[in-house]
Amino acid sequence: MADAFTAEIAKSLLGKLGSFAAQEFCLAWGLEADIARLEKRLSAIAAVLSDAEQKQSKNDKIRFWLNDLREVLYDAEDVLDEIECETSRRQVVKTTGSTSRKVYYCEGPVG
């Protein structure tokens with residue numbers, strides 16, 4: 001059960017890389033080639049994971065590798081989540097004005 005979890009994280013990352021927010025961020029920062037390379041590597045990792053997850057019960061090196069990979073995938077997922085949040089924040093600011101002005105209108109004037 002936990003074995004297939006690493007593959008699911010990799011699939012989730014691939015989905016996030018293809019999201020609109022990630023694409024917009026990459027275009028704005030000129031990261032298209034980097035993202036394309038990352039997608040290619042994640043696809044290769046996902047292809048190998050199934051076999052590795054089946055073999056980990058017999059091989060400690062594979063089990064340790066999968067644990068390390070899982071940590072790296074979590075870190076990558078955190079970065080992509082931050083990118084999505086920042087992109088969403090920028091879209092809100094772009095369409096509605098500054099976020100501080102929005103807070104002011106919600107809370108009323110301070111004082």
Side-chain angles (χ1 to χ4, degrees):
M1 194 178 319
D3 302 341
F5 194 59
T6 306
E8 290 303 314
I9 297 168
K11 288 178 188 174
S12 170
L13 285 172
L14 283 169
K16 287 182 180 193
L17 284 173
S19 77
F20 176 75
Q23 289 175 2
E24 185 175 313
F25 182 86
C26 293
L27 286 172
W29 289 90
L31 301 173
E32 300 92 351
D34 294 326
I35 294 300
R37 256 191 325 275
L38 184 56
E39 285 178 326
K40 185 177 179 180
R41 287 180 181 156
L42 275 172
S43 294
I45 288 169
V48 173
L49 281 175
S50 177
D51 186 48
E53 288 173 341
Q54 290 175 357
K55 293 179 180 180
Q56 74 172 329
S57 63
K58 299 174 189 166
N59 189 323
D60 286 338
K61 289 179 183 178
I62 292 175
R63 184 172 34 256
F64 292 131
W65 177 78
L66 284 172
N67 286 333
D68 288 345
L69 177 61
R70 195 171 294 128
E71 291 298 318
V72 169
L73 293 175
Y74 279 136
D75 290 344
E77 191 170 41
D78 289 345
V79 169
L80 290 177
D81 287 342
E82 289 177 24
I83 288 170
E84 286 180 333
C85 285
E86 179 61 18
T87 303
S88 295
R89 186 193 68 79
R90 287 177 184 231
Q91 287 175 342
V92 167
V93 169
K94 186 170 136 182
T95 58
T96 63
S98 76
T99 55
S100 61
R101 192 169 73 203
K102 290 294 261 186
V103 171
Y104 174 79
Y105 288 126
C106 288
E107 296 176 357
V110 177

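Computation of the quantities below employed the complete heavy-atom set of this structure, encompassing side-chain atoms and omitting hydrogens, waters and symmetry-equivalent molecules. Since the structure is predicted, the reported quantities are computational estimates derived from the model, not experimental observations. We number each residue from 1, following the sequence as shown.
Rounding to the nearest 0.5 Å places CG of Asp75 at 11.0 Å from CG of Leu80. The CG atom of Leu66 sits 11.5 Å away from atom NZ of Lys55, with the distance rounded to the nearest 0.5 Å.
The cluster map of Ile, Leu, Val, Met, Phe, Trp and Tyr, joined by side-chain heavy atoms under 4.5 Å apart, puts Tyr74 and Leu69 in the same cluster. The hydrophobic cluster containing Val79 also contains Leu73, counting ILVMFWY residues as joined when their side-chain heavy atoms lie under 4.5 angstrom apart, directly or transitively.
Applying the side chain to side chain donor-acceptor pair (under 3.5 Å) criterion to Asn59, with sequence neighbours excluded, gives no partner residue. By the side-chain contact (heavy atoms from CB on, under 4.5 Å) test, Ala76 pairs with Leu13, sequence neighbours left out. Considering only residues two or more places apart in sequence or on other chains, Glu86 meets the side-chain contact (heavy atoms from CB on, under 4.5 Å) condition with Arg89, Arg90. Every side-chain contact (heavy atoms from CB on, under 4.5 Å) that Arg37 has, sequence neighbours left out, goes to Ala33, Asp34, Arg41.
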